[in-house]
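Notes for the one structure printed next.
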Amino acid sequence: MSNEKHFRRLLHIDRGAAGVDRAIEEELAFHFEMSVRELMNEGWTRPDAEREATRRFGDAQRTRERLRRIDQVTAARAGWLEWWTSVAQDLLYAGRGVRTQPAFAAVVVLTLALAIGATSTMFGIVDRLLLRAPDDVANPASLRRVYAHVRTKSSGEFTTSTLGYSAYAAVRKYSRSVSQVAAYNVTDARTGRGLESAAVRLGAATGNFFVVLGVHALRGRFFAEADDQYPEGAHVVVLDYGYWHRQYAGADSVIGRTLVLNEQPFTIIGVAPRDFTGVELRPVHMWIPISSGHHPTPDWWTTWRAQWLSIIVRVKPGLAAGRVNDDLTATFRAAYAGTDDE
């Protein structure tokens, strides 16, 4: 599917009730399939991936109802385009977020569909507005998440937000349309050892992640680029505000203490502001430098085969979405060093 056809499909959705319902169902199906593919890339079988994606999605009917309400409000304000951009991002988690975490459910990151530059890659772009700014994030209107719409010999055509460190490095070095770029991923991890170990949600981010978001530490400091140097970064960790209060009773003396994370010692250097979750809907209990976490390959910072990160960018003022898309597409094409089957 070409850029023009992909974009045209979005611009000609029927604004009647039937058209809205059909658009919601199509987008839900799209995000469900994207989630299934990402799980399969992590090693799940397709049946298991479908069951897990269904579990993570939560109450689909509640999601549909929420999206219809969003449609009514945004359509009254600015027509269908604002509606479409408002409801497209994070549909997969909207129902679950509304049900279990109202404080985080309104966070929808403005996104761009951007592509890695193999010759078989297909390109498209979708702008999606924030319903409201993520907590503590500065100037959210310029913040976007990068998606890749690709076609490979082994997996066919699909869209994904899971990219590699090489893509992050390429955007940072060559792009002319963005002023800042960072990368992160969120996974399950364990703290402690033996019977005292406990599950946590762990965020691993580039050293400039907090600077790009414009957020400041509540206690201590955030890790910086000096802490995030490949192949092995500093073993430092920043705690979530809620986790800090639950596990350490909100004590300032936590700074400088050591915790065991995935069987490795990490020094606590800071505490994030209350309700800060990066650009995720769900809470993240702690953050470490990307270079200090687990990696899919030994050469993770150079290979195009290691795809495990989400990339966020700040777009320079005054640039149209199409121009940004063209710039980043050209950036990936120029930097891409893999094969057409990646």
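Computed from a prediction, not measured in an experiment: that's the story for all the values here.
Side-chain atoms of R323 and S177, non-hydrogen and from C-beta on, never get closer than 4.5 Å to each other. By the 4.5 Å heavy-atom criterion applied to side chains, F332 and V171 are counted as neighbours. Using a 4.5 Å heavy-atom threshold, the side chains of L143 and L213 count as touching. Side-chain atoms of L202 and V186, non-hydrogen and from C-beta on, never get closer than 4.5 Å to each other.
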Under the ring-ring contact (aromatic ring centres under 6.0 Å, His included) rule, what do W301 and Y165 come out as? Steps first, then yes or no, please.
CA-CA 5 Å; W301 69 94; Y165 193 89; 8.3 Å; no

Passes side-chain contact (heavy atoms from CB on, under 4.5 Å), L261 versus M286? Steps please.
CA-CA 10 Å; L261 177 61; M286 55 192 65; 4.0 Å; yes

Go through the steps to decide whether R314 and V212 satisfy the test side-chain contact (heavy atoms from CB on, under 4.5 Å), and finish with yes or no.
CA-CA 8 Å; R314 284 198 182 275; V212 171; 4.3 Å; yes

Applying side-chain contact (heavy atoms from CB on, under 4.5 Å), run through D240 and V284 and close with a yes or a no.
CA-CA 7 Å; D240 165 67; V284 180; 6.0 Å; no

Determine whether F266 and T191 satisfy the following criterion, side-chain contact (heavy atoms from CB on, under 4.5 Å), listing intermediate values before the conclusion.
CA-CA 10 Å; F266 279 75; T191 59; over 6 Å; no

Take D326 and T329, measure what side-chain hydrogen bond (donor to acceptor under 3.5 Å, both in side chains) needs, and give me the verdict at the end.
CA-CA 5 Å; D326 291 343; T329 296; 5.6 Å; no

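Closest heavy-atom contact between G207 and D228: N-OD2, 3.0 Å. Heavy atoms only, all atoms of each residue included: V181 and Y168 are closest at O-CE1, 3.5 Å.
Between F209 and W287, the ring centre distance stays below 6.0 Å.
Within a 6.0 Å radius of CZ in R246, other residues, nucleotides and ligands contribute more than 12 heavy atoms. No more than 12 heavy atoms of other residues, nucleotides or ligands shown are found within 6.0 angstrom of CD on E196. Y230 OH: 12 or fewer foreign heavy atoms inside a 6.0 Å radius. Within a 6.0 Å radius of NE2 in H216, no more than 12 heavy atoms belonging to other residues, nucleotides or ligands are found. Environment of NE2 in H245: crowded, with over 12 heavy atoms of neighbouring residues, nucleotides or ligands closer than 6.0 Å.
Here the options are I311, V279, L309, the test is side chain to side chain contact (heavy atoms under 4.5 Å, CB included), and the partner is Y184; only V279 passes.
Under the 30°/60° scheme for interplanar angles, the aromatic rings of F210 and F276 are found to be tilted. Taking the six-membered ring for Trp and thresholds of 30 and 60 degrees, Y241 and W244 have ring planes more than 60 degrees apart, a perpendicular arrangement.
Of the N and O atoms on the side chains of S142 and N139, at least one donor lies less than 3.5 Å from an acceptor on the other residue. In the model, S175 has a side-chain atom that pairs as donor or acceptor with a side-chain atom of D327 under 3.5 Å.
Rounding to the nearest 0.5 Å places CG of L163 at 10.5 Å from CZ of R145.
With respect to D227 and R221, a salt bridge is recorded, a charged nitrogen being found less than 4.0 Å from a carboxylate O.
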